[in-house]
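Reading through the structure tokens given below for one structure.
A, B, ... follow the sequence lines: proteins, then strands. Residue 1 opens every chain.
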There are 2 protein chains.
Amino acid sequence: MLDNLTTHIKKFIELHDTDVELINSVVSVKQVKKKAFLLQPDQVCRELYYVSKGCLRLYFINKKLNEQITQFAIENWWMSEYGSLESNKISNYYIQAVENSEVISISKLKLEELFEKVPRLERYFRIVQQRAFTASQKRIEYIYSMSDEERYRHFSSLFPDFIQRIPQYMLASYLGFTPQFMSKIRAKKV
Amino acid sequence: MLDNLTTHIKKFIELHDTDVELINSVVSVKQVKKKAFLLQPDQVCRELYYVSKGCLRLYFINKKLNEQITQFAIENWWMSEYGSLESNKISNYYIQAVENSEVISISKLKLEELFEKVPRLERYFRIVQQRAFTASQKRIEYIYSMSDEERYRHFSSLFPDFIQRIPQYMLASYLGFTPQFMSKIRAKKV
DNA sequence: TCTATTTATTAATCTTGATTCATTTTTTGG
DNA sequence: CCAAAAAATGAATCAAGATTAATAAATAGA
């Protein structure tokens with residue numbers, strides 16, 4: 001649903017009907033099946049994705065050949081691999097649907113054109129980027145101030161609903177430890 | 001020097017002389033002595049800081065009563081404690097000068113007013129925020145894909161000049177390990 | 001220039017969470 | 001509804017980096 005995006009934008013800036021039309025004319029809606037990929041290694045990331053329904057994950061394969069998840073995106077969050085998007089260099093990340101999802105995508109190029117036509121959108125994305133940065137910094141704070149076990153309990157208490165939506169091993173990966181260690185702390189809790 | 005800031009902004013967007021004057025009328029230049037604070041716990045962070053000369057650090061005191069540095073800012077970087085800035089809640093961070101520094105500061109409120117008068121600035125800050133987010137994500141990638149020792153060697157090879165500017169124990173803190181461990185790996189290298 | 005304070009080093013011991021490998025439980029697709 | 005795959009658990013051993021404590025070196029300020 002295209003509405004989801006413009007409704008979200010309207011929480012931050014005013015949009016005229018003509019703006020809404022302009023936006024809707026350059027984005028596209030994708031139904032993404034669980035486990036389907038929006039980005040794979042050796043591709044250049046050229047799009048940004050807004051999740052209108054479902055859940056995406058961003059991950060890469062580390063030296064030990066394990067998946068390392070660096071981000072999730074659920075409803076009303078943007079996801080992209082900015083390292084590649086900004087540099088036009090090949091990415092070593094995957095973007096994959098964790099659930100059957102509905103995603104609104106826009107190419108970097110179209111977005112640049114859109115900024116020319118609807119300059120107020122710069123403001124929306126400034127705010128979105130600032131929030132993303134703040135969240136990312138908060139995450140670094142947690143990494144450096146809590147043990148893995150504390151971080152697991154903290155995350156669980158902050159997002160009890162979210163942890164029901166994803167397999168445990170994905171949460172373990174996101175939090176930076178092994179599924180075995182996760183089982184150990186969960187067993188302790190009882 | 002006010003010039004440093006507007007010169008930097010002009011790398012991303014066009015500024016008319018009137019824009020430059022408007023900007024310069026709402027920012028202020030501060031000479032900050034080494035070890036002086038721009039923010040301390042129990043204050044609300046209400047300003048953003050652009051480093052025109054010198055170096056700032058952002059840190060908090062963790063549960064073990066050690067300083068945990070989460071960011072440095074050198075020439076041409078912005079620093080603020082966005083968690084507090086966005087929410088107007090009390091911060092538990094310090095922003096402190098690591099060297100005698102020159103900082104251009106602008107209050108959040110003045111910046112909001114400035115956005116009304118010079119809307120193209122939204123674009124500048126959107127780009128700055130996006131880069132900051134990208135760097136922050138890259139850092140999370142490194143945290144989760146390298147050992148502490150690897151991260152130290154990687155950081156040293158990327159920023160050989162920077163590590164000369166700061167005490168070792170600050171780099172150890174930023175990288176998330178103890179000064180003792182740092183000494184150990186440095187001793188190994190010989 | 002001397003003394004304080006700050007910063008860096010070394011070594012022994014300890015802890016958290018990784019690794020390995022086997023087993024069990026749950027989920028999925030045909 | 002069943003087989004195969006995916007996900008979760010459990011236990012034994014191991015390793016990276018923390019902790020503690022003492023000392024040494026470098027820096028700054030008076």
Side-chain angles (χ1 to χ4, degrees), chain A residues 32-37 54-55 57 59 61-69 72 94 96-101 142-156 162-190, chain B residues 33-37 54-55 57 59 61-69 72 94 96-100 142-156 162-190:
Chain A
V32 193
K33 284 233 175 94
K34 184 173 174 174
K35 295 195 183 175
F37 294 99
C55 179
R57 64 174 179 147
Y59 72 95
I61 305 296
N62 66 20
K63 276 175 244 162
K64 291 163 197 158
L65 302 182
N66 296 318
E67 294 174 357
Q68 177 58 59
I69 298 175
F72 290 105
Y94 298 82
Q96 188 191 38
V98 176
E99 305 168 348
N100 292 328
S101 302
Y142 293 148
I143 290 172
Y144 283 145
S145 64
M146 296 182 195
S147 69
D148 286 5
E149 179 168 355
E150 285 171 329
R151 237 167 38 257
Y152 164 70
R153 300 203 187 284
H154 180 251
F155 191 91
S156 302
F162 178 67
I163 63 169
Q164 303 297 341
R165 286 174 69 171
I166 55 167
Q168 275 182 44
Y169 77 91
M170 286 195 191
L171 181 56
S173 168
Y174 177 79
L175 293 175
F177 51 74
T178 60
Q180 291 88 333
F181 182 65
M182 181 112 166
S183 280
K184 211 194 253 178
I185 39 187
R186 283 166 53 87
K188 252 205 288 195
K189 200 171 190 176
V190 182
Chain B
K33 285 233 174 91
K34 184 173 173 173
K35 297 195 181 174
F37 292 99
C55 179
R57 64 173 179 148
Y59 71 94
I61 305 296
N62 66 21
K63 275 175 245 163
K64 291 163 196 157
L65 302 182
N66 296 317
E67 294 174 358
Q68 177 59 58
I69 298 175
F72 291 105
Y94 298 82
Q96 188 190 36
V98 175
E99 306 168 347
N100 291 328
Y142 293 148
I143 290 172
Y144 283 145
S145 64
M146 297 182 194
S147 69
D148 286 6
E149 179 169 355
E150 285 171 327
R151 235 165 42 254
Y152 165 70
R153 299 201 189 285
H154 180 251
F155 192 90
S156 301
F162 178 67
I163 63 168
Q164 302 298 340
R165 286 173 69 170
I166 56 166
Q168 276 182 43
Y169 77 90
M170 285 195 192
L171 181 56
S173 169
Y174 177 79
L175 293 175
F177 51 74
T178 60
Q180 290 88 331
F181 182 65
M182 180 112 167
S183 280
K184 211 194 252 178
I185 39 187
R186 282 167 54 86
K188 253 206 286 195
K189 199 170 189 175
V190 182

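Rounded to whole Å, atom P of dT15(C) lies 19 Å from atom CG of Asp148(B). Between Lys184(B) atom NZ and dA15(D) atom P the separation is 14 Å, expressed in whole Å. The distance between atom CZ of Phe181(B) and atom C1' of dA8(C), rounded to the nearest whole Å, is 16 Å. Taking atom CD1 on Ile69(A) and atom P on dA7(D), their separation rounds to 11 Å, with Å as the unit. Glu149(A) places its CD atom 7 Å from the P atom of dG17(C), with the value rounded to the nearest Å. In this structure, Gln180(B) places its CD atom 11 Å from C1' of dT7(C), rounding to the nearest Å. In this entry the distance linking CG of Asn66(A) with P of dA7(D) reads 14 Å, nearest Å. Taking atom CG on Leu65(B) and atom C1' on dT20(D), their separation rounds to 16 Å, with Å as the unit.
Atom NZ of Lys63(A) has more than 12 heavy atoms from other residues, nucleotides or ligands within 6.0 Å.
Of the two residues near DNA chain D, Met182(A) and Lys35(A), the one whose nearest nucleotide lies more 5' is Lys35(A).
For Lys34(A), a side-chain nitrogen or oxygen approaches OP1 or OP2 of dT28(C) to under 4.0 Å. Taking side-chain N and O atoms only, Lys64(A) has no distance below 4.0 Å to OP1 or OP2 of dA18(C). The shortest distance between the side-chain N/O atoms of Gln168(A) and the OP1/OP2 oxygens of dT9(D) is below 4.0 Å. Side-chain N/O atoms of Ser147(A) include none lying less than 4.0 angstrom from OP1 or OP2 on dT16(C). In this model, the phosphate group of dT9(D) is approached by a side-chain N or O of Arg186(A) to a distance below 4.0 Å at OP1 or OP2. Of the side-chain N and O atoms in Thr178(A), one or more sit less than 4.0 angstrom from OP1 or OP2 of dA18(C).
A 3.5 Å limit on both hydrogen-bonding distances identifies dG17(C) as the Watson-Crick or G-U partner of dC14(D). Applying the Watson-Crick and G-U wobble criteria (two distances, each under 3.5 Å), dA28(D) pairs with dT3(C).
With ring centers used as reference points, Tyr174(A) lies under 6.0 Å from Phe155(A). Ring to ring, Phe162(A) and Phe72(A) are close: their centroids are under 6.0 angstrom apart.
The glycosidic torsion of dA4(C) lies within 90° of 0, which places this base in the syn conformation.
The closest donor-acceptor contact from the side chain of Arg57(A) to the backbone of Tyr94(A) lies at 3.5 Å or more, if one exists at all. Distance alone, capped at 3.5 Å, is enough to place a donor-acceptor pair between the Ser156(B) side chain and the Tyr152(B) backbone.
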